[in-house]
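Starting from 1, each residue takes its place in the sequence as its number. Owing to the predicted nature of the structure, the values given are computational and were not obtained by experimental measurement.
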Amino acid sequence: MVAVYSFIWLMVCVLLQVLVFNHLHLWGGIVLIYMLPLIKMPVQLARSLQIFLGFACGLIVDIFSNSPGMHALTCTLTMWMRLPLLHMFVISDDIKSGALGKNLKGMPLYARFTTLIVALHVIVLYLIESFSLFNLVPLLIRMIVTMSLTVLFTLVVEAVCRDQ
């Protein structure tokens, strides 16, 4: 049941990404809404299933964004690195219980984890997209804006959902 709920939540966010958020460019960056279910994916799911869902999410975004495999690679890498990054912030017993989110150890810890995983995702995505460091300043601005917007959106959604 957890896998079905995670899959549905992931597909809703992917649809919102390709239909709405890919077309909203704010200060040179976009909100990567599909990161929210990737970050919040239950750790009870098999790691291979988590990585596959990340790949599928990225592939669907690639198909609708006309980006040749960039999101698929980045989402696969993000999901592969998610558990080791999570171990940097959370005790193993808490990870096994599956309690992720700000209610685990507080909003600052969740914010740091979210910022780190979004930063990894965005840096890899934009480095693959540009495939060069020729225009470094515009690239860094796009990275910072996209990271900031995505982290802000993720934390706002987490805060709103937590209060309900």
Side-chain angles (χ1 to χ4, degrees), residues 1-26 29-90 94-104 107 109-126 128-129 143 146-164:
M1 188 63 183
V2 172
V4 173
Y5 177 73
S6 297
F7 180 75
I8 291 170
W9 176 232
L10 183 64
M11 289 303 111
V12 166
C13 287
V14 167
L15 284 174
L16 283 172
Q17 180 71 45
V18 298
L19 296 175
V20 178
F21 286 93
N22 275 353
H23 306 291
L24 296 176
H25 294 269
L26 305 168
I30 61 172
V31 177
L32 301 175
I33 187 176
Y34 65 85
M35 287 294 300
L36 181 62
L38 294 180
I39 292 169
K40 298 284 292 179
M41 191 167 292
V43 290
Q44 297 95 337
L45 296 177
R47 188 159 185 232
S48 58
L49 180 59
Q50 293 177 27
I51 293 171
F52 175 75
L53 288 174
F55 171 76
C57 168
L59 186 62
I60 293 169
V61 172
D62 281 333
I63 290 169
F64 288 101
S65 301
N66 199 22
S67 53
M70 295 184 304
H71 291 276
L73 173 67
T74 308
C75 287
T76 303
L77 177 68
T78 300
M79 293 309 289
W80 181 65
M81 288 297 299
R82 180 176 167 259
L83 194 58
L85 291 175
L86 193 58
H87 279 286
M88 289 173 45
F89 292 96
V90 182
D94 291 337
I95 292 174
K96 290 176 186 170
S97 72
L100 294 180
K102 79 174 192 181
N103 55 352
L104 180 61
M107 192 62 152
L109 182 70
Y110 180 75
R112 285 191 301 236
F113 172 70
T114 299
T115 302
L116 182 64
I117 202 156
V118 168
L120 170 75
H121 186 87
V122 169
I123 289 169
V124 171
L125 179 66
Y126 281 126
I128 292 170
E129 181 183 334
M143 283 181 183
T146 299
M147 277 188 261
S148 301
L149 290 172
T150 303
V151 168
L152 180 67
F153 181 82
T154 304
L155 294 178
V156 166
V157 168
E158 178 66 24
V160 168
C161 291
R162 172 67 175 122
D163 290 338
Q164 293 181 6

Check: Any side-chain heavy atom of Ile33 sitting closer than 4.5 Å to one from Val157?
Finding: no
Item checked: Gln17 side chain to Val31 backbone, donor-acceptor under 3.5 Å -> yes
Note to self: Under the criterion side-chain contact (heavy atoms from CB on, under 4.5 Å), I'd like the reasoning laid out for Met35 against Thr114: C-alpha separation, chi angles, the key distance, then a yes or no.
What the structure shows: CA-CA 9 Å; Met35 287 294 300; Thr114 299; over 6 Å; no
Notebook entry, point to check: Under 4.5 Å between any side-chain heavy atoms of Ile30 and Leu149, yes or no?
Noted result: no
Notebook entry, point to check: Taking only residues two or more places apart in sequence, or in another chain, which ones meet Phe153 in a ring pair (Phe, Tyr, Trp, His ring centres under 6.0 Å)?
Noted result: Phe21
Checklist line | Test log, rule side-chain contact (heavy atoms from CB on, under 4.5 Å), inputs Leu116 and Met88 | finding: CA-CA 11 Å; Leu116 182 64; Met88 289 173 45; 4.1 Å; yes
Notebook entry, point to check: Which of these passes side chain to side chain donor-acceptor pair (under 3.5 Å) with His121: Thr74, Thr150, Thr78?
Noted result: Thr78
Check: Which residue pairs satisfy the side-chain hydrogen bond (donor to acceptor under 3.5 Å, both in side chains) criterion with at least one member in residues 54-73, sequence neighbours excluded?
Finding: Asn22-Ser65, Tyr34-His71, Asp62-Ser67
Notebook entry, point to check: Which residues pass the ring pair (Phe, Tyr, Trp, His ring centres under 6.0 Å) test with Phe55, sequence neighbours left out?
Noted result: none
Next item on the list: Can you see which heavy atom on Glu129 is nearest to which on Met70, and at what distance?
Entry: CA-SD, 3.4 Å
Notebook entry, point to check: Are Met147 and Ile123 side-chain neighbours, meaning at least one heavy-atom pair lies under 4.5 Å?
Noted result: yes
Notebook entry, point to check: Within a strict 4.5 Å, meaning less than it, do heavy atoms of the Leu32 and Val122 side chains meet?
Noted result: yes
Margin query: How close do Trp9 and Leu36 get, counting heavy atoms only, and between which atoms?
Written below: CZ2-CD2, 3.5 Å
Notebook entry, point to check: At what distance, to the nearest 0.5 angstrom, does CD1 of Ile51 lie from CE of Met41?
Noted result: 10.5 Å
Item checked: Within-4.5 Å side-chain heavy-atom neighbours: Thr154 and Tyr110 -> yes
Notebook entry, point to check: Which heavy atom in Cys75 sits nearest to a heavy atom in Cys57, and how many Å separate them?
Noted result: SG-SG, 4.4 Å
Next item on the list: Can you measure from OG1 (Thr76) to CG (Leu59) and round to the nearest 0.5 angstrom?
Entry: 9.0 Å
Note to self: Ignoring hydrogens, what is the shortest heavy-atom contact between Leu77 and Val124? Give both atom names and the distance.
What the structure shows: CD2-CG2, 3.7 Å
Checklist line | Side chains of Phe64 and Val14 in contact at under 4.5 Å (non-hydrogen atoms) | finding: no
Check: Does the side chain of Leu120 reach to within under 4.5 Å of the side chain of Leu85, using non-hydrogen atoms?
Finding: yes
Margin query: Between Arg82 and Ile117 (side chain of the first, backbone of the second, donor and acceptor by atom type, cut-off under 3.5 Å), is there such a pair?
Written below: no
Notebook entry, point to check: Can you tell me if Gln50 uses its side chain to pair, donor with acceptor, with the backbone of Leu38 under 3.5 Å?
Noted result: no
